[in-house]
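Structure in structure tokens, see below.
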There are 2 protein chains.
Amino acid sequence: MATIAVENYLKHALLLAERSPDGLVPMGELATALEVVPGTATTMVKALADSGLVVHEPRRGLRLTAAGRRVALNVLRKHRLVETFLVNVLKMDWAQVHAEAEQLEHAISDAVLDRLDALLGHPATDPHGDPIPSVEGTLNSAVYATLATCATEVALRVVRVTDQSADFLTFAEAHGLRPGAVVQVVDRNLPAGLVTLRRPRGKPFALSLAAAGRIWVAPAEAG
Amino acid sequence: MATIAVENYLKHALLLAERSPDGLVPMGELATALEVVPGTATTMVKALADSGLVVHEPRRGLRLTAAGRRVALNVLRKHRLVETFLVNVLKMDWAQVHAEAEQLEHAISDAVLDRLDALLGHPATDPHGDPIPSVEGTLNSAVYATLATCATEVALRVVRVTDQSADFLTFAEAHGLRPGAVVQVVDRNLPAGLVTLRRPRGKPFALSLAAAGRIWVAPAEAG
DNA sequence: GGATATATTTTGACAAATCAAAATCAACGC
DNA sequence: GCGTTGATTTTGATTTGTCAAAATATATCC
């Protein structure tokens, strides 16, 4: 069985590879994501390469192998199902659950995972709208517009909030910006770096372009 | 925060101390419980003593300090509440849940623990009848008769099954010997080391004295 | 195309937890 | 009281994952 450290390296490699067109993850990005110094990442990646979980391209970065990706998807599935459980069943604050899931993802067995999945009704996304890898190992990687890039003055539905920091999530929650919520962009002031939003029957409020870029939206459907 | 190893040493020290009149735990017993060689236990116990979690009495054994006992009770509470969750909510087999809880006990936070406790309705015992330490740190250490020592030919209620091995628990389950079940001792043959039991409307069946000693019972109340 | 900046790798060290095997201590029997 | 037995401790080594800092390779910029 993979150690906790190995699981974390693979999980972060997967998340970074998903955001990279060619699947190559630079060492520095991996080190930053894992909060280790670059030399540590190099050492570990070489060990992972020896185990056949990644391919190390010296001075360029790393790529997950099929075996590594399988492990990473399993960990990510645990992480996101645990988050869903903590919010939906234990009624915990969505701003806290990421930190909890970081621990639990390494402690729950596949047997518990399956039961949890059934209890939750096989959800497709976690409370942040992040897609939950299927048990077969597929990951929905659909890309949406964000509040920084979408059309203005039209009704939108929040589909995903791609920031795990408790502060940001608490802010988003306070303004009703969680998956499923309806919102529209009232104004976008690029020089000022500001986006102004309004929720139905709510007051307009502003947030930075950077923050708006972390909130993914789709056209609001009727109903 | 205590490491997983530290939590395990303290938890097993607590379990062994509970079964010892003076609270002194011999090194060898601790090493056996933790499945490490004796030298490892010595090294670790000295480190725990330096942290003020245990008192090491050289060549005699160790004793938990108040601080160590507090940590141990918290871990044990997590273990037993997780077991209860896995059986009561996720409907897992009671023979499997001990192994699962061994991992999860080190991964769940106190915040999750509290939510779980509330979800389960603040249970006093886990699915094996083992008492769950209270949040204040008290542990019900009531001692009962066992099927090896109790009166014969009277109705009894199973209150606790003190064996974590999956094989034994599967056997017990198959014969309906779980906490709450009613049973009586038909015969006890000491030379043969055999106890014969019968459940209401069931066929008599036998088990060894050693096995019978792991099933704790109380007089069955009316109703 | 050579100097400079940046990313990556190497090297040497360290902490935590473990084992194997030798050394030591305590107790017990006679 | 002295040797033997069994439990415990000591010693030296190993594995995993990490850091600090030096060395090296790559990219970029006039």
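We name chains A, B, ... by the order of the sequence lines, and we start the count at 1 in each one. Heavy-atom basis, side chains included; hydrogens, waters and symmetry copies ignored.
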Can you identify which nucleotide, out of D:dC19, C:dT9, D:dT9, has its nearest atom closest to the B:Pro38 side chain?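 The answer is D:dT9.
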
Quickly work out the A:Arg60 CZ to D:dT26 C1' distance and round it to whole Å.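 In whole Å, D:dT26 C1' and A:Arg60 CZ are 12 Å from each other.
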
The side chain of B:Met44 is closest to which nucleotide in this list: D:dT10, C:dA17, C:dT10?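 My answer, after comparing the listed nucleotides, is C:dA17.
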
Can you tell me the distance, in whole Å, between the CD atom of B:Glu35 and the P atom of C:dC19?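 Rounding to the nearest Å, CD of B:Glu35 and P of C:dC19 are 10 Å apart.
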
Are more than 12 heavy atoms, taken from residues, nucleotides or ligands other than B:Tyr144, located less than 6.0 Å from that residue's OH atom?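 Not more than 12 within 6.0 Å, no.
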
Among C:dT18, C:dT9, D:dT9, the nucleotide that comes nearest once only the side chain of B:Val36 is considered: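 For the B:Val36 side chain, the nearest candidate turns out to be C:dT18.
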
Gap between atoms CD1 and P, on A:Ile4 and D:dG17 respectively (whole Å):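 Between P of D:dG17 and CD1 of A:Ile4: 10 Å.
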
Spacing between A:Tyr9 atom OH and D:dG17 atom P, to the nearest angstrom: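 Rounded to whole Å, this separation is 9 Å.
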
What is the nucleic acid contact for A:Gly39, judged by heavy atoms within less than 4.0 Å: base, sugar-phosphate only, or nothing?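 It contacts base atoms.
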
Quickly work out the B:Arg59 CZ to C:dC28 C1' distance and round it to whole Å.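 After rounding, the reported distance stands at 17 Å.
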
Taking only side-chain N and O atoms of B:His56, does any of them lie within less than 4.0 angstrom of OP1 or OP2 on D:dT8?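 No, because none of the side-chain N or O atoms of B:His56 sits under 4.0 Å from OP1 or OP2 of D:dT8.
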
At under 4.0 Å, does any side-chain N or O of A:Thr40 touch on OP1 or OP2 of D:dC19?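 For A:Thr40, the contact criterion (side-chain N or O under 4.0 Å from OP1 or OP2 of D:dC19) is met.
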
Under the 6.0 Å and 45° cation-pi test, does A:Arg214 pair with A:Phe168?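 Yes - A:Arg214 lies over the ring of A:Phe168, closer than 6.0 Å to its centre and within 45° of its axis.
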
Of the options A:Leu16, A:Leu15, A:Val45, which is the one that meets A:Val25 in a side-chain contact (heavy atoms from CB on, under 4.5 Å)?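 Of A:Leu16, A:Leu15, A:Val45, side-chain contact (heavy atoms from CB on, under 4.5 Å) with A:Val25 is met by A:Leu16 alone.
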
Nearest-neighbour nucleotide for the B:Ala5 side chain, C:dA17, C:dT9, C:dC19 considered: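 Nearest to the side chain of B:Ala5 among the choices is C:dA17.
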
Could you check how far CG of A:Leu62 sits from P of C:dT8, rounded to whole Å?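 Interatomic distance, CG of A:Leu62 to P of C:dT8: 10 Å.
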
Of the listed nucleotides C:dT10, D:dC19, C:dT8, the one nearest the side chain of A:Val37: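 Nearest to the side-chain atoms of A:Val37, counting from C-beta on, is D:dC19.
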
Pair A:Ser165, A:Asp167 - check side-chain hydrogen bond (donor to acceptor under 3.5 Å, both in side chains), show working. CA-CA 5 Å; A:Ser165 87; A:Asp167 282 352; 6.0 Å; no

Taking only Lys NZ, Arg NE, NH1 and NH2, and the carboxylate oxygens of Asp or Glu, determine whether B:Arg77 and B:Glu136 approach each other closer than 4.0 Å.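 B:Glu136 and B:Arg77: not salt-bridged.
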
Round to the nearest Å and state the distance from A:Leu48 atom CG to D:dT18 atom P.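 After rounding, the gap between these two atoms is 11 Å.
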
Quick one: label B:Thr43 by what it contacts on the DNA or RNA (base, sugar-phosphate, nothing), any heavy atom closer than 4.0 Å.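 The answer is base, as B:Thr43 lies within the cut-off (heavy atoms under 4.0 Å) of a base atom.
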
Round to the nearest Å and state the distance from A:Met27 atom CE to C:dT10 atom C1'.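 Between C1' of C:dT10 and CE of A:Met27: 12 Å.
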
